[in-house]
Amino acid sequence: MATPALALDLYTSLEDETCDARIRAAKEKLKGRAVILGHHYQREEVYRHADLTGDSLKLARFASQVDAETIVFCGVHFMAEVADILSRPEQKVILPDLAAGCSMADMANLAKVETAWRELATVLEPDADITPITYINSAADLKAFCGRHGGIVCTSTNARGILEWAFKQRGKVLFFPDQHLGRWSGHKLGVPLDEMAVWDFNRSMGGLTKEQIRKAKILLWNGFCSVHQMFQPEHISNFKKKYPDAKVICHPECAFEVCLKSDYVGSTEFIQKTVHAAAPGSRWLVGTELNLVNRLHEEVKHKGINVHFMSPMVCMCSTMFRIDPQHFAWTLENLAEGNVVNQIKVPEPDASQARIALERMLSVKTV
Ligand code: 13P
Ligand code: SF4
């Protein structure tokens, strides 16, 4: 029988090294019963304990495939929700700190998206004319909205292919919450910039005229990632002055001008793989979250590959950082004692409707 839950207060002042040893011991006790999934932005002290690592898409796939009775998700809230939706009903998903959210995901909510849909109905027939696409960085009820309205989920890996799929269904797309991923993917698909209009969710009719709405092929929600918006085109120009032969790689959540000036644009997994496979002696400017870049630097320096962070400022995802060794040790030791703390459970009907949009995404063949 489960003993009462161990209180978080007992852990908050523990040293990282103590937590490290206790995490290892709890993992040993849990062998086979729990799997730890870790996103690439996790801090090193947490990441090193992950059984499986990846970007959002890879981690979603792992969650749908693993057998363990519990998935401990070292990432942010929307990722743990996806893991719950795609895993089997009897499996449990734990997020070590419930405050680990995503500020970009919070820039769209169901009330605002439903308002947009109603306003668009004064110009078009949304359910016949528009495919809603939600970036995976969004709450489960927005994925459910897409499930109900013939829409789909995308990630930074497959956004272009998903857009292509969406245009086969209907002539227009409402893309939320990240305008930058939507714009870059539309551009890669050949949609002209003047056929992409920004939907300002704080203004009536998105701040657009009826004519602008009719003309737009893609309506871009004006959300963004506060970490990736710190990277500027000048950071690239200045670096290239110093190192003309260096390569530049960034995440598609960066501004359009930053993506345009980069040699490669892709997901966190793509960035990892590309730099790992680079030629010895090569030099890379990387535009994504600091924990990933610091780790990459350490992983490839022995091959003579030089990794530089794109911004002179510290651009860290503060919500990813909330998963610390203390919360992690707390959840694992409780689990080893039979107590499930911080379980993420998406309620019905959102879970079933969101699953439709997620499964659509997983079934689309993208390059
Ligand atoms: P990836 O899917 O590329 O890992 O991106 C997730 C994310 O939140 C980037 O900010
Ligand atoms: Fe969200 Fe940006 Fe953090 Fe990614 S880096 S989880 S988009 S806040």
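Just so we're clear, the structure is a prediction, and the values are computed from it rather than from any experiment. Order of listing sets the numbers, starting from 1, for every ligand and every atom in it.
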**Q.** Aromatic plane relationship, F231 with F309 - under 30° parallel, 30 to 60° tilted, over 60° perpendicular
**A.** perpendicular
Q. Which ligand 1 atoms are under 4.0 Å away from a heavy-atom of D55?
A. 1 (P), 2 (O), 3 (O), 4 (O)
Q) Which residue and non-hydrogen atom of the protein lie closest to atom 8 (S) of ligand 2, and at what distance in Å? A) S103 OG, 3.6 Å
Q | Per-residue contact class, T288 against ligand 1 - non-hydrogen pairs under 4.0 Å | A | neither
**Q.** Which residue and heavy atom of the protein sit nearest atom 6 (C) of ligand 1, plus the separation
**A.** S56 OG, 3.4 Å
Q: Quick one: look at D178 and ligand 2, take heavy-atom pairs under 4.0 Å, and tell me if it's side chain, backbone, both or neither.
A: neither
**Q.** Contact check, E289 vs ligand 2, heavy-atom distance below 4.0 Å
**A.** no
**Q.** C225: numbered ligand 2 atoms lying under 4.0 Å from its heavy atoms
**A.** 2 (Fe), 5 (S), 7 (S)
Q.
At less than 2.8 Å, would any N/O/S atom of C102, backbone or side chain, sit next to atom 3 (Fe) of ligand 2?
A. no
Q. Got a sec: does the NZ of K172 have more than 12 other heavy atoms crowding it under 6.0 Å?
A. yes
Q. Looking only at atom types and distance, does a side-chain atom of R160 sit under 3.5 Å from a main-chain N or O of L189, one as donor and one as acceptor?
A. no
Q) Would the F224 and H228 ring centres measure less than 6.0 Å apart? A) no
(Q) Show, in sequence, the C-alpha distance, side-chain angles and deciding distance for D84 and F73, and conclude whether the side-chain contact (heavy atoms from CB on, under 4.5 Å) test is met. (A) CA-CA 10 Å; D84 176 53; F73 210 113; over 6 Å; no
Q: Can you sort out which atoms of ligand 2 are near C317, meaning under 4.0 Å from one of its heavy atoms?
A: 3 (Fe), 5 (S), 6 (S), 8 (S)
Q) Within the structure, does H251 bring an N/O atom to less than 3.5 angstrom of an N/O atom in ligand 1? A) yes
